[in-house]
Amino acid sequence: MDMAARPYRSVLYIPGSKDRALDKARGLAVDAIIFDLEDAVAPDAKEGARDTLKAALAEGGYGNRAKIVRINGLDTQWGEGDVAALRDADADAFLLPKVNSAADVQALADLLGNDTPIWAMIETPLGVLNALEIAAHPQLQGFVAGTNDLAKELNCRYRADRLPMQMALQTMLLAARAHGVVAVDGVYNRFKDDEGLKAECDQGRDLGFDGKTLIHPAQVALTNEAFAPSEAEIDLAKRQIAAFEESEAAGQGVAVVDGKIVENLHVETATKLLAKAAAIAERAE
Ligand SMILES: CC(C)(COP(=O)(O)OP(=O)(O)OC[C@H]1O[C@@H](n2cnc3c(N)ncnc32)[C@H](O)[C@@H]1OP(=O)(O)O)[C@@H](O)C(=O)NCCC(=O)NCCSC(=O)C[C@H](O)C(=O)O
Ligand SMILES: [Mg+2]
């Protein structure tokens with residue numbers, strides 16, 4: 001499946017050092033996995049985690065889930081070693097943390113020396129402010145919101161409505177959409193609180209995110225549902241397309257469905273929604 005066209009509803013972080021979790025992920029219904037060498041791995045476990053992760057990727061078994069490796073920052077003592085160790089692994093993309101500029105992305109591209117897609121964590125004030133140039137980098141394929149680091153950098157409070165980081169999230173989304181980049185929301189830390197997770201998923205979906213990053217398998221099912229088109233949305237999309245085609249055949253440029261106007265642009269949205277539903281169905285096969 002084309003990496004950019006595939007669903008990214010649920011994107012699960014797995015510590016690259018944990019054999020048990022690396023194995024468990026082979027059976028989880030996630031759209032993508034972030035194999036983490038950064039914050040989920042303690043400093044003294046970082047070098048060993050490279051070998052553990054390399055072995056897991058070589059063993060395979062992750063099916064059609066997107067495989068994204070999060071390395072340590074290139075300004076840390078581990079970043080370059082992570083790239084050297086994993087460059088030839090069976091990964092679909094590399095995720096760079098704390099990206100501040102397009103030059104950071106280029107530095108990783110230079111080290112990779114190939115055209116493997118790069119994803120960027122947007123989680124610093126400069127990263128947010130430079131999101132447009134970062135999204136424009138030719139190798140850049142996805143953004144991941146790092147809402148924990150962002151809260152730390154902003155010195156803002158954690159609020160259920162995430163008001164203090166709305167501008168950052170929307171800036172990142174605008175940049176992603178301007179350049180056709182995938183955008184995945186940050187994690188919900190209370191991994192046993194389904195109600196809170198549902199509210200944050202709905203908010204992320206309302207904002208326009210493609211999906212959400214997760215820290216625990218218990219978060220997967222709810223997130224997949226929240227970011228998938230609902231039956232009602234699919235039904236409406238089909239009726240909008242049919243009604244518009246009928247109007248067009250009658251020489252008219254607009255149709256009306258459920259008392260609301262349907263124009264060409266709504267048909268485009270409806271067509272995309274149906275394509276997404278089809279991609280999700282294909283993922284599940
Ligand atoms: C949060 C956890 C530490 C909880 O771990 P644990 O207490 O072991 O959970 P459970 O006992 O409930 O686990 C049940 C089984 O599920 C497996 N498991 C747990 N987590 C994962 C996972 N992430 N992926 C795959 N499998 C997982 C356990 O192995 C158990 O399996 P079994 O033995 O077969 O029953 C833990 O969930 C965890 O470490 N989560 C990941 C944390 C992480 O990745 N953090 C870094 C990313 S968040 C971040 O950095 C965001 C960003 O940068 C920002 O700034 O916001
Ligand atoms: Mg972070």
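Sequence positions, counted from 1, serve as the residue numbers for this chain. Keep in mind the model is a prediction, meaning the values are calculated, not measured. In each ligand, atom 1 is the first atom listed, and ligand 1 is the first ligand listed.
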#### Entry: Number of protein N/O/S atoms that sit closer than 2.8 Å to the Mg ion (ligand 2)
2
### Message
Between Asp258 and Arg239, does the salt bridge (charged side-chain N to carboxylate O under 4.0 Å, His left out) criterion hold? Intermediate values first, please.
### Response
CA-CA 9 Å; Asp258 295 348; Arg239 289 188 295 118; 2.9 Å; yes
### Summary
Heavy-atom proximity to atom 49 (C) of ligand 1 ranks first, among Met121, Arg70, Glu38, for Arg70
Which heavy atom of the protein is the closest neighbour of [atom], given with residue, atom name and distance?
| atom | value |
| --- | --- |
| atom 28 (C) of ligand 1 | Lys24 CD, 4.5 Å |
| atom 29 (O) of ligand 1 | Arg20 CG, 3.6 Å |
| atom 40 (N) of ligand 1 | Ile215 O, 2.8 Å |
| atom 51 (C) of ligand 1 | Tyr13 OH, 3.8 Å |
| atom 14 (C) of ligand 1 | His216 NE2, 4.0 Å |
| atom 43 (C) of ligand 1 | Ala40 CB, 3.6 Å |
| atom 3 (C) of ligand 1 | Lys18 NZ, 4.3 Å |
| atom 56 (O) of ligand 1 | Asn148 N, 2.8 Å |

As a test of the contact definition, would [atom] count as having a protein heavy-atom neighbour under 4.0 Å?
| atom | result |
| --- | --- |
| atom 7 (O) of ligand 1 | no |
| atom 11 (O) of ligand 1 | no |
| atom 32 (P) of ligand 1 | yes |

[Y] backbone acceptor or donor facing [X] side chain under 3.5 Å:
| X | Y | value |
| --- | --- | --- |
| Ser17 | Ala45 | no |
| Asp92 | Ile68 | no |
| His266 | Glu263 | yes |
| His137 | Gln139 | yes |

### Message
Is the shortest side-chain heavy-atom distance between Asp39 and Arg70 below 4.5 Å?
### Response
yes
Polar side chain donor-acceptor pair, [X] to [Y], under 3.5 angstrom:
| X | Y | answer |
| --- | --- | --- |
| Ser101 | Asn130 | no |
| Asn148 | Tyr158 | yes |
| Asp193 | Tyr188 | yes |

Is any NZ, NE, NH1 or NH2 atom of the basic residue among [X] and [Y] found under 4.0 Å from an Asp or Glu carboxylate oxygen of the other?
| X | Y | answer |
| --- | --- | --- |
| Asp194 | Lys198 | no |
| Glu38 | Lys98 | yes |
| Arg162 | Asp185 | yes |

### Message
Please identify which of these residues, Lys212, Arg65, Arg283, meets the salt bridge (charged side-chain N to carboxylate O under 4.0 Å, His left out) condition with Asp31.
### Response
Arg283
### Message
So for Pro217, does at least one of its heavy atoms come nearer than 4.0 angstrom to any atom of ligand 1?
### Response
yes
### Task
Determine, using heavy atoms of Gly186 and all atoms of ligand 1, whether some pair is separated by less than 4.0 Å.
no
Taking 4.0 angstrom as the limit and counting only heavy atoms of [X], give me the atoms of ligand 1 inside it, by number and element.
| X | value |
| --- | --- |
| Phe191 | 1 (C), 4 (C) |
| Asp36 | 46 (C) |
| Glu123 | 52 (C), 53 (O), 54 (C), 55 (O) |
| Thr147 | 54 (C), 56 (O) |
| Ile14 | 24 (N) |

### Which segment of Leu214 sits under 4.0 Å of ligand 1 when only heavy atoms are counted
neither
#### Entry: Structural part of Ala21 in contact with ligand 1, heavy atom criterion under 4.0 angstrom
both
#### Entry: Distance (rounded to the nearest 0.5 Å) between Leu150 CG and Leu169 CG
7.0 Å
### Message
salt bridge (charged side-chain N to carboxylate O under 4.0 Å, His left out) for Arg20 and Asp23? Distances and angles first, verdict last.
### Response
CA-CA 5 Å; Arg20 185 78 201 99; Asp23 187 41; 3.7 Å; yes
### Task
Hey, can you tell me if Phe35 and Tyr62 have their rings parallel, tilted or perpendicular (30° and 60° cut-offs)?
perpendicular
